[in-house]
Visitor: 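Next up is a structure, given as structure tokens.
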Amino acid sequence: PHGTGQLGRPSVRRDAEATYALTSAIQHTLAAASHLPALFNEEGVHGLMGGGATVFPAALAMAATWDIDLIEQVYTAVARETRNRGSNYVYAPVLDLARDPRWGRVEETFGEDPFLVAQMGLAAVFGLQGRSFRINADRVLACAKHFVGHGLPQAGINGGPVQIGPREMVSQHLYPFQVAVQQGRVGAVMAAYHDWDGIPTHANAALLTHLLREELGFEGMVSSDGFGVLQLQTLHRVATDPTDASVQAFTAGIDCEVPEPGGSADFAAEVDSGRLPLDVVDRACRNVLAAKDRLGLFDDHNPVRVEIDRDAHATLSRKVARRGIVLLTNNRGVLPLD
């Protein structure tokens with residue numbers, strides 16, 4: 001009866017028609033009960049992850065095109081296919097710098113160079129959100145990830161500790177996020193799994209509040225990564241239980257816990273006990289509601305059914321694939337060079 005913040009991945013194992021029927025029914029139910037529409041998040045790093053959606057080349061191949069206009073077209077297509085299903089929020093772009101080839105998520109990135117990653121990421125944000133602050137009905141809220149330094153984990157192990165100095169962190173790994181925030185006005189940022197200098201990102205106020213909000217001027221919504229809050233207990237061992245993990249995370253700057261509320265489901269009791277300041281909950285609610293307002297969800301609870309041209313999107317995917325081909329060895333005389 002009090003509404004919900006967001007619901008995750010409705011396109012999983014569903015085609016466009018089934019997903020739209022589900023999201024529409026949920027929004028109508030929420031509108032009648034609480035007047036609080038939901039965010040529906042989807043994965044969309046190289047195409048919407050859902051049945052029947054267009055698959056585009058991996059981000060690393062997109063970066064190899066060196067064509068920011070083309071990449072903006074790709075993420076515009078991702079936004080339209082997402083809205084075609086009634087969803088409105090996409091976990092993309094990935095702005096991590098791929099600095100260790102052993103890391104199993106290199107292909108999700110736009111590469112190792114801060115400037116190239118920043119420009120490709122900015123094109124992705126423009127494609128997803130458009131260029132106006134108010135997000136139109138054929139665009140979605142973008143979520144830049146993973147903040148910050150996620151692309152250089154120890155031994156290449158995903159989520160492993162990051163051991164780099166503050167100068168390298170700020171001047172290189174932070175730069176793509178700075179561009180996305182200050183030039184693209186990206187609506188959401190996702191915290192990373194790792195710890196930096198022994199402090200887990202999901203509980204690091206120096207990163208999530210001081211650096212992101214106070215230094216970069218970010219005013220949007222900070223999301224956890226999937227189960228990232230609970231990992232403060234299960235992986236990093238800095239929390240005694242899920243509720244303690246959530247209190248630490250939200251106090252540090254997290255605004256929403258995904259994929260579902262763990263310890264944050266108990267926040268009413270934590271506020272009553274004095275363990276969690278009410279202004280922390282107010283800040284988180286304000287940022288989530290502001291994201292919904294930016295999408296225009298309070299104006300019309302009926303998800304707008306955006307029409308898409310699947311053939312045009314497939315043609316665009318082939319174009320990106322061709323433009324992203326990289327010649328590693330000239331062993332067939334392809335180039336007129338010795």
Side-chain angles (χ1 to χ4, degrees), residues 43-46 49 57-64 91-118 120-121 124 143-178 180 189-208 210-212 222-240 242 244-246 248-249 252-254 257-259 262 324 326 328-329:
E43 292 285 359
V45 173
H46 64 108
M49 189 183 291
L60 200 62
M62 291 192 220
Y91 290 152
V94 171
L95 300 182
D96 304 319
L97 303 184
R99 292 296 177 85
D100 189 332
R102 298 173 297 179
W103 183 43
R105 301 179 69 171
V106 167
E107 86 286 346
E108 294 182 30
T109 77
F110 292 118
E112 65 182 348
D113 180 77
F115 184 77
L116 178 62
V117 172
M120 290 288 167
C143 183
K145 59 185 189 180
H146 307 82
F147 193 81
V148 59
H150 191 49
L152 190 57
Q154 184 176 351
I157 298 171
N158 188 54
V162 170
Q163 299 175 343
I164 59 177
R167 183 199 59 80
E168 182 179 352
M169 177 68 86
V170 171
S171 65
Q172 298 192 40
H173 296 269
L174 184 67
Y175 177 69
F177 289 93
Q178 178 182 355
V189 168
M190 179 180 288
Y193 285 127
H194 65 263
D195 67 74
W196 179 41
D197 196 23
I199 303 176
T201 300
H202 278 73
N204 193 336
L207 288 179
L208 300 182
H210 175 70
L211 190 59
L212 179 59
V222 177
S223 173
S224 79
D225 205 339
F227 302 105
V229 172
L230 295 180
Q231 285 185 5
L232 293 176
Q233 177 197 5
T234 61
L235 177 65
H236 296 289
R237 307 291 183 177
V238 297
T240 56
D244 181 35
S246 294
Q248 290 190 44
I254 295 292
E257 182 179 1
V258 297
V326 176
L328 297 179
T329 305

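Keep in mind the model is a prediction, meaning the values are calculated, not measured.
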Visitor: Give a yes or no answer on whether the side chain of His202 reaches the backbone of Gln248 with a donor-acceptor pair at less than 3.5 Å.
Guide: no
Visitor: Write down the atom of Ala61, the atom of Pro57, and the distance for their closest heavy-atom approach.
Guide: CB-CB, 3.9 Å
Visitor: So, for Ala59 and Val45, which heavy atoms are closest and what is the spacing to 0.1 Å?
Guide: CB-CG1, 4.5 Å
Visitor: Between Gly226 and Pro259, what is the shortest heavy-atom contact and its length?
Guide: CA-CD, 4.0 Å
Visitor: Would you name the heavy atoms of Gly121 and Pro93 that are closest together and state the gap between them?
Guide: O-CG, 3.8 Å
Visitor: Are any of the side-chain heavy atoms of Leu60 and Thr109 separated by less than 4.5 Å?
Guide: yes
Visitor: Under the 3.5 angstrom rule, does the side chain of Ser223 hit a backbone N or O of Met190 as a donor-acceptor pair?
Guide: no
Visitor: Under 3.5 Å, which donor-acceptor pairs do the side chains of residues 157-170 form with other protein atoms, sequence neighbours left out?
Guide:
from, atom 1, to, atom 2, distance (Å)
Asn158, OD1, Trp103, NE1, 3.0
Asn158, OD1, His150, NE2, 3.4
Gln163, NE2, Gln154, OE1, 3.4

Visitor: I'd like to check the ring pair (Phe, Tyr, Trp, His ring centres under 6.0 Å) partners of Phe147; sequence neighbours left out, ordered by chain and number.
Guide: Phe177
Visitor: Going from CD on Gln178 to CG on Leu211, what distance comes out if it is rounded to the nearest 0.5 angstrom?
Guide: 9.5 Å
Visitor: Roughly how far apart are Asp197 CG and Leu207 CG, rounded to 0.5 Å?
Guide: 10.0 Å
Visitor: Would you call Ile254 and Leu208 a side-chain contact if the rule is heavy atoms closer than 4.5 Å?
Guide: yes
Visitor: Rounded to the nearest 0.5 Å, how far does CD of Gln172 lie from CD of Glu112?
Guide: 10.0 Å
Visitor: Less than 3.5 Å apart, which donor and acceptor atoms pair up between the side chains of residues 228-240 and the rest of the protein, not counting sequence neighbours?
Guide:
from, atom 1, to, atom 2, distance (Å)
Thr234, OG1, Leu230, O, 3.4
His236, NE2, Tyr193, O, 2.9
Thr240, OG1, Asp244, OD2, 3.4

Visitor: Considering non-hydrogen atoms only, spot the tightest contact between Ala206 and His210 and give its length.
Guide: O-CB, 3.4 Å
Visitor: CG of Leu95 to CE of Met120: how many Å apart, nearest 0.5 Å?
Guide: 12.5 Å
Visitor: What distance separates Leu97 CG from Phe110 CZ, expressed to the nearest 0.5 Å?
Guide: 12.0 Å
Visitor: Rounded to the nearest 0.5 Å, how far apart are CG of Asp113 and CZ of Arg99?
Guide: 7.5 Å
Visitor: Looking only at heavy atoms, which two atoms of Ala192 and Val148 are closest? And how far apart?
Guide: CB-N, 4.2 Å
